[in-house]
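Side chains are part of it too, since the values below use all heavy atoms of this structure and drop only hydrogens, waters and symmetry mates.
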Amino acid sequence: MKKKQIMAAVFSLILAFGNPAAAFAMDEAALSETESAVAETEQELTTVTLNEVAHSIFYAPQYVAIELGYFEEEGINLTVVTGFGADKTMTALISGEADIGFMGSESSIYTYSGGAADAPVNFAQLTQRAGNFVVAREDTDDFKWSDLIGKDVLGGRAGGMPEMVFEYVLKQNGIDPSEVNINQSIDFGSTAAAFSGGQGDYTIEFEPSATALEQEGVGYVVESLGTESGYVPYTAYCAKNGYIEEHPEVIQAFVNALQKGMDYVNSHTPEEIATVIAPQFTESDEETIARIVARYYDQDTWKDNLIFEEESFELLQDILESAGELAERVPYEALVTTEFAEAATE
């Protein structure tokens with residue numbers, strides 16, 4: 001029996017007595033039956049630990065699935081841990097601290113290339129655009145990528161998707177990354193604070209940090225890397241191959257819940273989405289959350305399905321090669337499976 005069914009049964013009993021006070025007159029047998037049903041439901045749920053690379057509105061479909069109870073509907077008791085960096089998230093996955101990792105798929109390529117015996121396999125892609133933005137000290141309507149030449153920019157970790165996509169966009173605009181003073185020494189998640197404290201002429205930020213800097217009056221979003229870089233498989237879910245083989249039903253349930261979240265995001269307004277995910281971002285008001293969701297929505301951030309296509313995987317490897325981070329290309333079939341995402345769309 002699902003929790004919703006249990007609650008409905010309890011509510012029916014309350015109505016039957018005519019008023020809330022009378023509900024307390026339910027006999028011990030009825031109470032015992034309800035408690036047993038709740039306990040049974042909790043036992044049916046499979047505990048899954050997800051380590052996410054960051055906690056960002058960029059991943060709205062995931063938080064919709066959490067807040068609307070889609071994981072519970074699929075039989076999963078989900079625990080979410082934020083890794084604050086793909087390297088840390090991958091470490092948690094490889095060590096067994098996490099069952100599923102959510103990060104840029106470049107990490108799985110690095111792990112596979114390093115000869116890992118049980119390399120993580122990507123089974124669902126969530127975002128198809130880069131989620132970071134160029135934040136400047138001054139507001140301008142005519143930003144040009146050449147404005148970054150010779151300037152100090154707070155970038156991302158070398159070899160990470162934020163930094164590689166940034167450098168890829170620079171090259172696409174005829175700029176060698178060496179022409180820009182890119183600071184890669186600041187930890188992920190700390191660049192906004194450093195920029196607010198006076199470091200850098202520009203910073204590359206995810207949301208809600210980009211909007212927070214605007215609200216502080218210390219920075220202004222002048223360009224989107226997502227728009228400039230095209231459709232990039234920016235973040236995906238992966239698990240060790242052994243875990244997938246042992247628990248295919250858990251992976252399928254997990255993907256089913258995500259697909260429901262994706263469907264919701266693609267069929268509701270930014271304001272409606274903001275209301276649902278607001279409990280995940282208590283540091284921001286709903287108006288701000290809606291503004292950020294709209295920004296991501298307008299750049300076509302979310303796919304309508306979770307299928308990680310081969311074309312996207314090859315583009316990712318193009319970016320890795322461009323950054324000098326890939327010595328040899330990896331076969332798509334070795335690191336991607338689409339069976340779960342395809343099943344979730346049926």
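Looking at D147 and K144, a side-chain N of the basic residue comes within less than 4.0 Å of a carboxylate O on the acidic one, giving a salt bridge. Look at R129 and E228 and you find no salt bridge, because none of the NZ, NE, NH1 or NH2 atoms lies under 4.0 Å from a carboxylate O. No salt bridge links E163 with R157; every basic N to acidic carboxylate O contact stays at or beyond 4.0 Å.
Counting only heavy atoms from C-beta outward, the side chains of L320 and M164 approach each other to under 4.5 Å. Here the side chains of C238 and V121 are not in contact, with every heavy-atom distance at 4.5 Å or above. In this structure the side chain of V134 reaches within 4.5 angstrom of the side chain of W145, judged on heavy atoms. Between M161 and L316 the shortest side-chain heavy-atom distance falls below 4.5 Å. T79 places none of its side-chain heavy atoms less than 4.5 Å from the side chain of L50. V153 is not listed as a side-chain neighbour of N181, based on a closest heavy-atom distance of 4.5 Å or more. Looking at L258 and P61, their side chains never come closer than 4.5 Å, going by heavy atoms from C-beta outward. Using a 4.5 Å cut-off on side-chain heavy atoms (C-beta onward), V180 and L170 make contact.
Rounding to the nearest 0.5 angstrom, the gap separating the CD1 atom in I182 from the NZ atom in K151 is 14.0 Å. Atom OH of Y264 sits about 10.0 Å away from atom CD1 of I277, to the nearest 0.5 Å. E214 contributes atom CD, which lies 5.0 Å from atom CZ of R291 (distance to the nearest 0.5 angstrom). One distance of note links CD of E67 with OG1 of T275; it measures 11.5 Å at 0.5 Å rounding. If you take OH on Y112 and CG on N241, they are separated by 11.0 Å, rounding to the nearest 0.5 Å. Distance check: Q280 CD to S56 OG gives 11.5 Å after rounding to the nearest 0.5 Å.
E74 places no side-chain N or O within donor-acceptor distance of the main-chain N or O of F71, the cut-off being under 3.5 Å. At distances below 3.5 Å, at least one donor-acceptor pair connects side-chain atoms of Q252 with backbone N or O atoms of F340. In terms of modelled atom types and a separation under 3.5 Å, the side chain of D118 and the main chain of G242 share a donor-acceptor contact. Judged purely by atom type and a 3.5 angstrom limit, S113 uses its side chain to pair as donor or acceptor with the backbone of I109. A distance-only check finds no donor-acceptor pair linking the side chain of T282 to the backbone of P279 [under 3.5 Å]. No side-chain donor-acceptor contact under 3.5 Å links R295 to the backbone of S224. Q128 places a side-chain N or O within 3.5 Å of a backbone atom of D300 that can act as its donor or acceptor partner. Remark: side-chain polar atoms of T111 are paired, donor with acceptor, to backbone N or O of S107 under 3.5 angstrom. E286 places no side-chain N or O within donor-acceptor distance of the main-chain N or O of A290, the cut-off being under 3.5 Å. The closest donor-acceptor contact from the side chain of Q259 to the backbone of D304 lies under 3.5 Å.
By the salt bridge (Lys or Arg N to Asp or Glu O under 4.0 Å) test, D285 is found to be paired with no residue, residues two or more places apart in sequence or in another chain being considered.
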Apply side-chain hydrogen bond (donor to acceptor under 3.5 Å, both in side chains) to residues T301 and T127 and explain how you reach the verdict. CA-CA 6 Å; T301 292; T127 57; over 6 Å; no
List the steps and the verdict of side chain to side chain contact (heavy atoms under 4.5 Å, CB included) for I100 and T49. CA-CA 6 Å; I100 296 173; T49 300; over 6 Å; no
For side-chain hydrogen bond (donor to acceptor under 3.5 Å, both in side chains), just list the numbers for N256 and Y70, CA-CA rounded to whole Å, side-chain angles, deciding distance to a tenth of an Å, and then say yes or no. CA-CA 8 Å; N256 290 346; Y70 294 153; over 6 Å; no
Run the numbers on Y202 and F195 for ring-ring contact (aromatic ring centres under 6.0 Å, His included), then give the verdict. CA-CA 8 Å; Y202 295 86; F195 188 76; 8.1 Å; no
Starting from the C-alpha separation in whole Å, work towards a yes-or-no answer on side chain to side chain contact (heavy atoms under 4.5 Å, CB included) for L213 and S196. CA-CA 7 Å; L213 289 172; S196 181; 4.1 Å; yes
Yes or no on side-chain hydrogen bond (donor to acceptor under 3.5 Å, both in side chains) for E309 and Q125, after CA distance, side-chain angles and deciding distance? CA-CA 9 Å; E309 297 166 348; Q125 178 188 334; over 6 Å; no
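The side chain to side chain donor-acceptor pair (under 3.5 Å) contacts involving residues 321-331 comprise K171-S322, E314-R329, D318-R329, E321-R329, where partners must be two or more places apart or lie in separate chains. Evaluation of the side chain to side chain donor-acceptor pair (under 3.5 Å) test over residues 86-100, restricted to residues two or more places apart or in two chains, returns N51-T89.
Taking the six-membered ring for Trp and the full ring otherwise, the centers of F308 and Y237 sit at least 6.0 Å from each other. F84 has its ring centre no less than 6.0 Å from the ring centre of H55. The aromatic ring centroids of F58 and Y234 lie less than 6.0 Å from each other.
Atom CD of E287 has 12 or fewer neighbouring heavy atoms from other residues, nucleotides or ligands inside a 6.0 Å radius. Surrounding OH of Y231 are more than 12 heavy atoms belonging to other residues, nucleotides or ligands, all under 6.0 Å away. Around CD of E283, the count of heavy atoms belonging to other residues, nucleotides or ligands within 6.0 Å exceeds 12.
One hydrophobic cluster, built from ILVMFWY side chains closer than 4.5 Å, cannot hold both F143 and Y220; they sit in different ones. Residues F254 and I307 do not share a hydrophobic cluster, clusters being chains of Ile/Leu/Val/Met/Phe/Trp/Tyr side chains in contact below 4.5 Å. By the rule that hydrophobic residues join a cluster once side-chain heavy atoms approach within less than 4.5 Å of another member, I319 and I175 end up as members of one cluster. Hydrophobic cluster membership differs between V53 and V81, with clusters built from Ile, Leu, Val, Met, Phe, Trp and Tyr side chains linked at under 4.5 angstrom.
Y296 pairs in a side-chain contact (heavy atoms from CB on, under 4.5 Å) with only one of the listed residues (I292, D298, V293), which is I292. The one candidate from L126, V64, N305 that meets the side-chain contact (heavy atoms from CB on, under 4.5 Å) condition with M262 is L126.
For the pair V255 and A124, the tightest heavy-atom approach, listed with the atom from each and the gap, is CG2-CB, 4.3 Å. Taking every heavy atom of both residues into account, P208 and I57 meet most closely at CB-CD1, 4.4 Å. When all heavy atoms are compared, the tightest approach of A210 to V135 is CB-CG2, 4.1 Å. Of all non-hydrogen atoms in Y297 and H268, the two that sit nearest each other are CE1-O, 4.3 Å. Scanning both residues, Q199 and I186, for their nearest heavy atoms gives OE1-CD1, 3.9 Å. Heavy-atom minimum distance, L93 versus G101: CD1-N, 3.8 Å.
Judged purely by distance below 3.5 Å, without hydrogens or angles, the side chains of T191 and E205 pair a donor atom with an acceptor atom. Checked by atom type, the side-chain pair Q62/E52 shows a donor-acceptor distance below 3.5 Å.
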